[in-house]
Amino acid sequence: CGLNMSEADALKTLINFLHDSTHFLNRAIVGLRGILACETFNPIYTTFVHSALCVQGVSGLTYIFSTTIVISIFSMIMIMFRAALYPIKEPAAQPATKSEGAMEVVEYKKSPGDENVGDEK
């Protein structure tokens, strides 16, 4: 090949180094494949998903439901008290077209000091 003894030894050393490097890379890839295998991640995944959906999800939905019920109750109370602010006109001698005993809600009138509220020009 036209190589002297020192060049042949350098070539042999290089080939042995490449051989050992390929074995090292092969072991690293096989180890990485073992780490990324389904058997490794499945217990971790199922633990976190079960905890998130079955434990924390249910308690979160409980908080959402109870908060919604409280908001609904207080909203109805607020609407009830707001409707109580309107004066009710007592039925007097009205025409026969209206049913007897019916109450009529009249519009809430502004007090004299509220005339300029909302009128910005």
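Closest heavy-atom contact between S6 and N4: OG-OD1, 3.2 Å. In this structure, T46 and P43 approach most closely via the heavy-atom pair OG1-O, 3.1 Å.
Atom OG1 of T68 sits about 14.5 Å away from atom OH of Y63, to the nearest 0.5 Å. Of the inter-residue distances, the one linking F48 atom CZ with F41 atom CZ reads 11.5 Å to the nearest 0.5 angstrom. The distance from the CG atom of L14 to the CG atom of L18 is 4.5 Å, given to the nearest 0.5 Å. One finds the CD1 atom of I77 at 11.0 Å from the OG atom of S72 (value rounded to the nearest 0.5 Å). A distance of 11.5 Å separates CD1 in I29 from CG in L36, rounded to the nearest 0.5 Å.
Linking Ile, Leu, Val, Met, Phe, Trp and Tyr residues whenever their side-chain heavy atoms come within less than 4.5 Å places V70 and M80 in a single cluster. Under the 4.5 Å side-chain heavy-atom criterion for Ile, Leu, Val, Met, Phe, Trp and Tyr, M5 and L11 are members of distinct hydrophobic clusters.
Side chain of S51 to backbone of T47: no donor-acceptor contact under 3.5 angstrom is found. In this structure, the side chain of T13 engages the main chain of D9 through a donor-acceptor pair within 3.5 Å.
Checked against I71 for a side chain to side chain contact (heavy atoms under 4.5 Å, CB included), the options I73, T67, I69 give a single hit: T67.
Other residues, nucleotides and ligands place no more than 12 heavy atoms under 6.0 Å from the CE atom of M76.
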